[in-house]
Protein chains: 2
Amino acid sequence: MVTLSEVARRARVTAATVSNVLRNREKVRPETAERVLKAIAELGYRPNLNARALAQGRSSTLALMLSNIANPFYPEFVVAAERAARQAGYFLMVCNTDDDAQIGRAYLNQIAGTLVDGVLVMNTDTAMNELCIAAMRSAPILLAMWEHPEKPPALPCVAVDFAQAGALAAQHLLGLGHRNIGMLIGDGCGGLQDARSNGFRTALAAGGVVRATVEMVVRDSIDSGYEACMTLMATHPGLTAIFATNDLLAIGAIQALVGMGHAVPGDVSVIGITDIALAHQVRPALTTVAIQTEASAALSIRSLIRLIDEPLQGPSMVIAPAPALIMRDSTGPRRKRNARAAKAGA
Amino acid sequence: MVTLSEVARRARVTAATVSNVLRNREKVRPETAERVLKAIAELGYRPNLNARALAQGRSSTLALMLSNIANPFYPEFVVAAERAARQAGYFLMVCNTDDDAQIGRAYLNQIAGTLVDGVLVMNTDTAMNELCIAAMRSAPILLAMWEHPEKPPALPCVAVDFAQAGALAAQHLLGLGHRNIGMLIGDGCGGLQDARSNGFRTALAAGGVVRATVEMVVRDSIDSGYEACMTLMATHPGLTAIFATNDLLAIGAIQALVGMGHAVPGDVSVIGITDIALAHQVRPALTTVAIQTEASAALSIRSLIRLIDEPLQGPSMVIAPAPALIMRDSTGPRRKRNARAAKAGA
DNA sequence: ATGAAAGCGCTAACAC
DNA sequence: GTGTTAGCGCTTTCAT
């Protein structure tokens with residue numbers, strides 16, 4: 001490995017000068033700089049980032065902790081986060097906890113403040129939250145995609161107004177005439193997605209529908225959305241619409257409905273939340289409430305970096321861009337014959 | 001930040017002893033060790049991984065470079081790779097190059113040998129290949145998911161027998177009686193997926209079918225699979241089966257077929273390669289050739305670590321577990337009426 | 001079994 | 001402008 005001092009020797013300067021050339025190009029005479037640059041090129045020198053990190057006390061690396069990158073939502077977030085990090089001069093280390101708190105804990109203990117300058121954490125449950133608070137001593141931690149803007153956590157966070165997302169979904173369904181609605185509530189990876197379902201319920205009530213016909217809590221996946229929807233339709237055949245707290249569930253629901261011979265949206269409408277890429281790739285394309293994943297990821301990274309640059313005690317919350325309804329092909333007006341069926345089923 | 005020497009002072013020993021406690025627990029007297037452990041706990045000491053990396057000359061971190069983690073295949077690979085790395089005592093840093101050679105280059109230059117002890121690279125095109133070879137000077141590089149076992153690259157690699165995968169797909173379709181077959185060939189993220197298509201063609205010929213009725217090269221995504229399949233069916237209405245070099249294309253093809261009113265597999269069979277999670281989640285569930293992603297990822301990580309432990313000059317190739325046909329619901333026997341249509345279309 | 005000391009490769013004051 | 005000098009926090013001989 002070629003070191004700074006080897007470069008220095010060859011350029012007939014001292015290590016400090018080489019270091020200066022590498023950063024504040026101001027304080028070194030052009031000719032000298034050129035000599036140094038030449039030596040660097042000839043030797044194929046590349047700075048040792050570990051040494052630099054040690055000397056500077058900062059590694060220019062960020063960590064992103066998430067529960068399971070196999071969930072299609074995360075990769076989309078990761079892409080945007082990595083891009084934002086890179087543009088700000090940081091590396092991004094993605095830590096997959098495999099839904100295992102022990103692993104999350106191990107990562108946090110090991111890397112916070114030593115390998116990385118800050119950590120972005122997604123989907124914290126209460127246990128994870130404690131760990132994060134403890135880890136704050138070592139390095140800035142920021143919660144991304146916080147689901148409860150109305151109750152800020154004890155840590156800095158970027159919140160998404162999921163209640164609003166739920167409300168938009170409800171208003172859309174109500175506007176289409178649906179009154180007999182089933183809900184699929186995901187358990188996320190850090191607790192129930194209840195901000196979304198609460199927002200939905202509230203808007204439903206505001207629209208004159210006392211409550212959803214039926215609610216079901218399920219694991220966050222296409223498969224469980226499928227299973228759950230089968231159950232829902234078996235027990236409540238009159239449903240004319242299904243709201244799922246996330247797109248995976250909604251996609252599973254569509255498949256179940258189609259599989260059972262129901263037309264979507266002819267017989268039953270389906271709406272989700274998130275707008276993952278898959279949402280526009282399935283047929284019928286999924287109507288959903290987009291939560292601006294990319295913007296949120298970039299905002300989270302920027303906020304974390306700000307936190308690193310100017311440490312700030314205590315919590316602070318920034319709200320991500322508002323959710324927006326994306327109308328596609330899985331929702332449509334309630335049909336007459338379903339109206340009757342709905343009565344029967346309710 | 002609590003340092004080693006603070007711990008040492010409190011435990012009334014020297015830094016070396018603390019360090020010894022932290023690794024070779026052998027050479028330190030139990031009572032001393034206990035005192036040290038106590039001090040560590042009381043102070044909440046956590047080793048600075050950068051300092052350790054600098055002193056040891058190794059960071060216990062691996063990098064995984066991939067072109068675009070938004071492609072659903074990668075997250076599945078990443079999960080397995082991260083798990084294998086963690087179990088071997090390594091961190092995994094996922095580097096998303098965003099399909100941009102410049103970014104790949106920058107990553108390689110910056111991290112190889114300084115931040116990470118080794119790099120796993122996926123989907124190298126020739127340009128990337130050159131970069132990797134150059135980077136080998138700094139740290140071991142290993143190509144994962146190499147598509148051409150018959151021509152080993154100039155770097156160590158873990159190869160997957162994709163030709164065999166293509167052959168399995170061909171044999172399956174032939175066995176079902178299909179003779180009028182369309183091919184969708186993905187352009188991957190580092191060149192055509194031609195090992196797969198060649199394997200398919202060869203097996204087709206061996207089965208007495210001179211060649212596929214029609215071939216199309218397309219970008220690697222559900223959307224382009226959809227578009228391409230529309231075109232294919234418009235120009236060759238007699239096709240009774242479609243082979244896609246990867247599952248995304250196959251899934252898009254199914255959607256197109258269903259959208260056009262063809263039954264799958266009743267009228268047209270569809271088969272892919274890879275067996276991503278989505279393959280069993282779509283309807284009809286996709287018949288595909290599984291390439292043992294998890295095993296391959298774990299094998300790649302282990303091989304890379306071996307390369308780090310005992311550096312080895314020159315290329316070396318290890319073959320991942322063989323592909324296997326996964327029969328699901330998107331393929332079925334050729335139907336009579338299609339046989340006629342096939343004649344017409346051929 | 002423990003301590004002393006050197007050094008990993010780089011940065012950052014401060015002199016000159 | 002450039003050199004000198006100290007570290008950053010840890011590991012690792014080598015003495016003791």
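Everything numeric here is computed off the predicted structure, so don't read it as measured data.
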As a test of reading the structure: which of [options] is closest to the side chain of [X], going by heavy atoms?
X	options	value
Val13(B)	dG9(D), dG3(C), dT2(C)	dG3(C)
Arg23(B)	dT12(D), dG9(D), dC10(C)	dT12(D)
Ala55(A)	dG3(C), dC8(D), dT11(D)	dC8(D)
Ala16(B)	dC10(D), dT12(D), dG9(C)	dT12(D)
Ala51(B)	dC10(C), dT11(C), dC10(D)	dC10(D)
Pro47(A)	dT2(D), dG9(D), dC10(C)	dC10(C)

Quick one: [X] [atom1] to [N] [atom2], roughly how many Å, whole number?
X	N	atom1	atom2	answer
Arg52(B)	dC10(D)	CZ	C1'	8 Å
Leu49(B)	dT11(D)	CG	C1'	13 Å
Gln56(B)	dC8(C)	CD	C1'	11 Å
Asn48(B)	dG7(D)	CG	P	18 Å
Asn50(A)	dG9(C)	CG	C1'	10 Å
Arg12(B)	dG3(C)	CZ	C1'	15 Å
Glu34(B)	dA1(C)	CD	P	17 Å
Leu22(A)	dG9(C)	CG	P	16 Å

- For Arg105(A), does the CZ atom sit with more than 12 other heavy atoms under 6.0 Å from it, leaving out its own atoms?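 Incorrect, the count does not exceed 12.
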Reckon [X] has a side-chain N or O less than 4.0 Å from the OP1 or OP2 of [N]?
X	N	value
Arg29(B)	dT2(C)	yes
Thr14(A)	dT2(D)	no
Thr17(A)	dG3(D)	yes

- Message: Judged by each residue's nearest nucleotide on DNA chain D, which is more toward the 5′ side, Tyr45(B) or Lys27(B)?
- Response: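 The residue mapped nearer the 5' terminus is Tyr45(B).
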- What nucleic acid atoms does Ser19(B) come within less than 4.0 Å of, heavy atoms only: base, sugar-phosphate, or nothing?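 Base contact - Ser19(B) has a heavy atom under 4.0 Å of at least one base atom.
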- Task: Classify the nucleic acid contact of Thr32(A) as base, sugar-phosphate or nothing, counting any heavy atom under 4.0 Å across all strands shown.
- Result: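 It contacts sugar-phosphate atoms only.
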- Message: Using the rule given for side-chain hydrogen bond (donor to acceptor under 3.5 Å, both in side chains), can you reason through Thr114(B) versus Asn48(A), listing the C-alpha separation, both sets of side-chain angles and the distance that settles it, and then say yes or no?
- Response: CA-CA 5 Å; Thr114(B) 75; Asn48(A) 181 319; 5.2 Å; no
Please find the pair of heavy atoms, one from [X] and one from [Y], that lie closest to each other, and give the distance.
X	Y	result
Ile141(B)	Ala135(B)	CD1-CB, 3.8 Å
Tyr45(B)	Leu4(B)	CE1-N, 3.5 Å
Pro75(B)	Ala70(A)	CB-CA, 4.3 Å
Val7(B)	Val36(B)	CG1-O, 4.2 Å

- Item | Along DNA chain C (nearest heavy atom to each residue), the more 5'-positioned of Asn20(A) and Met1(A) |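 Result: Met1(A).
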